[in-house]
Amino acid sequence: NAQLEDTFDGIRLTLVESLDELDAFRRWLGERRPILGCDTETTGLSLVRDKIRTVQFGDARQGWAMAWDDWRGAAREVMEKYEGPIVLHNIKFDAGMMQKDGIKFPWARAHDSMPMLHLLDSLGPKALKTAAGLHIGPKAKAGQKSLGRAMMKYGWTWTTVPLDFPLYWGYGCMDTCITAMLAEEVWPKIQPYREAYDLEMACSRVLTDMELRGIRVDAEYVEATSAMLESELEPLIAQLNGVNPNASGQVIGALIRAGAVITKRTDKGALSTDDEVLTELAEQGFETAGLVLEARSITKMVGTWFRSFLTKRDSDDLIHASINQFAGGERGGAGKTGRMSVSGDSALQTLPRKAIVRNAVIPRDGNSLVLVDYSNQEMRVAAHFSGDERMLRAFAEGRDMHTETAQRIYGTEPCDHDAKLKCPHRQVGKTGIFAKVYGSGVSAFADTVGLPIQDASALYYAIDEIYPGLSKMMSQVTRASQQRARECGGSGYVTLIDGRRLRVPADKSYTATNYLIQGSCATVLKRALVDLDFAGFGEYMVLPIHDEIIFDMPAGMIEDALPQITKIMTRDDFRAPLTVSASVVQRWGEAYA
């Protein structure tokens, strides 16, 4: 009878190795408890390549571990027949692994301590051991260091450590006990945010299904395009006369010898050869800079994106990305705004907007890709909260917000709002208003828009004059966050449309508007995913990217489905209604051609 107790702070842990122990486990399940903890130990973090090694269950007093291959039926029985609430930490991963193995996961009575922590304190730690250490005490880290030392001593990995090694299964067992205790402690505190919690749990289920479904890549296209690009790389390398385009020192030397002046430096103080520097030098006529830019672009496409497509796909040519539910925003959300990101087997969210790369993503046979994204979502949300008359009028009349900004700043002639690329200064207007809204000071604003400080300063303050309601709202949100920080003796916060609070660092209260807007956008997209799934479109959704949802849908149903999808995603309860646009393509890159 393999049991542990002293090592794990008096909590009794058992490894099920016999039918008698299984009977004891079943009797224990029949006891009353507030919530049952559950966890798995796996060979790795890939939904496709890795598998479950053990499954554990526990509460505040006891924990039980089982080898998955030996006791899978018992685990299935718990998941399908246990009637009480079950809690996991980062439920999406464990649920996905179990569902992949044919387990019907009990989403209706399942809970996740990770969104509980996020709603309690969005700036606080989300890692189980760290968070539990704050909320339930030092027992949360029992056995952690001992297991680490043992694995290092014997050269074990999470794939090779013996299943019956006491510290291994005990560590996994203890995680379920910690999760249960953490949930018991935090659950009462998040009741004011139940609407937000229920949304996050429903979204977790939808995202799990999306990860399992995967998105298809065209392996033949990837291989052929890689070969073509590599053939284009050879003459570029030859023209560089021995300069390695990925060796910054060699590139700097070649450019300086050619007469280039480089002033920008990296965070470590070295001269920079980033894209901004090289682009500027190429425009000045330095051929080496242009060659390096092109060579680096090809190298990254082949070595990073295309190789990832080929090595991370499954036998059906599907990529199963990891969708991070609380990743934060790309414009400075510090990982705390609740926006989603995509990583894992292929970081599809960070693919370049070049058609040649995105064309590798295709639909299943007989289907088309349907790309539905919110139009100017962040600026519409900003207009909603600010009530700025000029912003609201521009959206109501169907004018492009960034073209509007550029025209009013630069006094350009009226532009075709549907032909955005034809409008002078549109990109500067777009970059400028985003930088302003998300808290940039004048200096950072100048760097972002790429203008001299004097010109940037004029633009910075012109935005305040053009959109006074926006400027007033930003000041109010910042002051409110500062006041809350003083009252709480810590961080401030903003309140989102579903009642949740996002904490704002006390020393970065200028980002409060960022948190308000990005957090609200995140809530809108998550609600859309859940509502679309409820309406029957869940089986066709394959990926959320920024403010866009990608569907892989039978071609014959698209005509009828699109109006329904558009209606579900449109939000008329905002003062600047959140509208969507849709593209139907056979390759993802066609939308960027």
Side-chain angles (χ1 to χ4, degrees), residues 1-4 8 11-114 128 158-159 161-166 168-181 183 201 204-205 208-209 211-212:
N1 184 20
Q3 294 186 344
L4 292 174
F8 291 94
I11 295 178
R12 187 180 182 187
L13 309 177
T14 303
L15 174 65
V16 174
E17 295 181 293
S18 69
L19 291 176
D20 287 341
E21 287 161 351
L22 180 62
D23 287 340
F25 166 70
R26 287 170 170 161
R27 289 193 297 272
W28 170 80
L29 275 178
E31 298 175 3
R32 293 175 63 86
R33 62 180 58 81
I35 195 163
L36 177 69
C38 178
D39 188 29
T40 63
E41 297 300 325
T42 63
T43 57
L45 301 178
S46 171
L47 193 60
V48 178
R49 295 182 299 279
D50 291 305
K51 63 179 184 178
I52 300 174
R53 300 192 78 208
T54 64
V55 61
Q56 300 84 234
F57 301 94
D59 58 20
R61 301 182 306 276
Q62 279 188 262
W64 301 75
M66 306 176 189
W68 183 256
D69 290 342
D70 295 338
W71 304 102
R72 184 185 324 222
R76 182 191 303 273
E77 185 179 76
V78 176
M79 288 303 180
E80 295 181 358
K81 296 183 178 180
Y82 184 78
E83 295 181 353
I86 299 175
V87 64
L88 298 91
H89 191 77
N90 190 18
I91 194 171
K92 194 160 59 62
F93 175 77
D94 299 286
M97 295 297 285
M98 291 187 198
Q99 288 180 197
K100 184 184 73 169
D101 251 15
I103 301 294
K104 184 179 179 181
F105 193 79
W107 283 102
R109 50 193 168 83
H111 293 271
D112 189 347
S113 49
M114 185 175 285
L128 176 62
W158 293 106
T159 302
V161 57
L163 293 179
D164 59 356
F165 181 59
Y168 172 67
W169 63 260
Y171 177 85
C173 228
M174 190 65 186
D175 275 358
T176 65
C177 302
I178 294 168
T179 302
M181 289 186 283
M201 287 304 303
S204 292
R205 176 183 55 78
T208 299
D209 290 342
E211 289 185 5
L212 288 166

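As a basis for the values below, the full set of heavy atoms in this structure was taken, side chains included, without hydrogen atoms, waters or symmetry mates.
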Looking only at non-hydrogen atoms, find the nearest pair between Ala180 and Gly37 and report the distance. CB-N, 4.0 Å
Can you find a pair of side-chain heavy atoms, one from Phe93 and one from Thr42, that are under 4.5 Å apart? yes
Chi angles and distances behind the side chain to side chain contact (heavy atoms under 4.5 Å, CB included) call for Ile11, Met181: CA-CA 12 Å; Ile11 295 178; Met181 289 186 283; 3.9 Å; yes
What ring pair (Phe, Tyr, Trp, His ring centres under 6.0 Å) pairs are there with at least one residue in residues 29-53, not counting sequence neighbours? none
Going by ring pair (Phe, Tyr, Trp, His ring centres under 6.0 Å), name the residues that satisfy it together with Phe57, two or more places apart in sequence or in a different chain. Phe25
Give the C-alpha distance, both sets of side-chain angles, the deciding distance and a yes or no for side chain to side chain contact (heavy atoms under 4.5 Å, CB included) between Asp209 and Gln99. CA-CA 9 Å; Asp209 290 342; Gln99 288 180 197; 3.4 Å; yes
Answer whether the closest heavy-atom distance between the side chains of Met174 and Tyr171 falls below 4.5 Å. no
Sorted by chain and residue number, the side-chain hydrogen bond (donor to acceptor under 3.5 Å, both in side chains) partners of Thr40 (sequence neighbours excluded) come out as Asp94
Partners of Arg32 by side chain to side chain contact (heavy atoms under 4.5 Å, CB included), sequence neighbours excluded? none
Which residues share a salt bridge (charged side-chain N to carboxylate O under 4.0 Å, His left out) with Asp101, sequence neighbours left out: Arg72
Indicate yes or no for a side-chain donor-acceptor contact from Thr14 to the backbone of Val16 under 3.5 Å, with no hydrogens or angles considered. no
Taking distance alone, no hydrogens or angles, what donor-acceptor pairs closer than 3.5 Å link side-chain atoms of residues 82-91 to residues at least two apart or in another chain?
from  : atom 1 : to     : atom 2 : distance (Å)
Tyr82 : OH     : Arg33  : NH1    : 3.3
His89 : ND1    : Ser113 : OG     : 2.6
His89 : NE2    : Lys126 : O      : 2.7

With sequence neighbours left out, the residues meeting side-chain hydrogen bond (donor to acceptor under 3.5 Å, both in side chains) with Arg26 are Glu77
d(Ile35 CD1, Asp59 CG) to nearest 0.5 Å is 11.0 Å
Does some side-chain heavy atom of Met79 sit less than 4.5 Å from a side-chain heavy atom of Cys38? yes
The criterion is side-chain hydrogen bond (donor to acceptor under 3.5 Å, both in side chains); which residues satisfy it with Thr208, sequence neighbours excluded? none
Roughly how far, to the nearest 0.5 Å, is the CG atom of Leu22 from the CZ atom of Arg27? 10.0 Å
Excluding sequence neighbours, so at least two apart, what forms salt bridge (charged side-chain N to carboxylate O under 4.0 Å, His left out) with Arg109? none
Minimum heavy-atom distance between Trp64 and Cys173, given as atom pair plus value: N-SG, 3.1 Å
For a side chain to side chain contact (heavy atoms under 4.5 Å, CB included) check, start with the C-alpha distance between Leu47 and Met97, then their side-chain angles and the critical distance, and finish with the verdict. CA-CA 6 Å; Leu47 193 60; Met97 295 297 285; 3.8 Å; yes
Correct closest heavy-atom pair for Gly96 and Leu212 would be O-CD2, 3.6 Å
Euclidean distance, Met114 CE relative to Leu128 CG, rounded to 0.5 Å: 8.5 Å
Between Phe165 and Val161 the two heavy atoms that sit nearest each other are CD2-CG2, 4.2 Å
For Lys100, is the NZ atom crowded, meaning more than 12 foreign heavy atoms sit under 6.0 Å from it? yes
For Thr54, enumerate each residue passing the side chain to side chain contact (heavy atoms under 4.5 Å, CB included) test, keeping only those at least two apart in sequence or located in another chain. Glu41, Gln56, Leu163, Tyr168
Side chain to side chain contact (heavy atoms under 4.5 Å, CB included) between Val78 and Leu29: does it pass, once the steps are laid out? CA-CA 9 Å; Val78 176; Leu29 275 178; 3.6 Å; yes
Contacts of Thr43 meeting side-chain hydrogen bond (donor to acceptor under 3.5 Å, both in side chains) (sequence neighbours excluded), chain-then-number -> Asp50
For Gly170 and Leu13, work out which heavy atoms get closest and say how close. O-CD1, 3.5 Å
Please list, chain by chain and in numerical order, all residues satisfying ring pair (Phe, Tyr, Trp, His ring centres under 6.0 Å) with Phe105, sequence neighbours excluded. Trp107
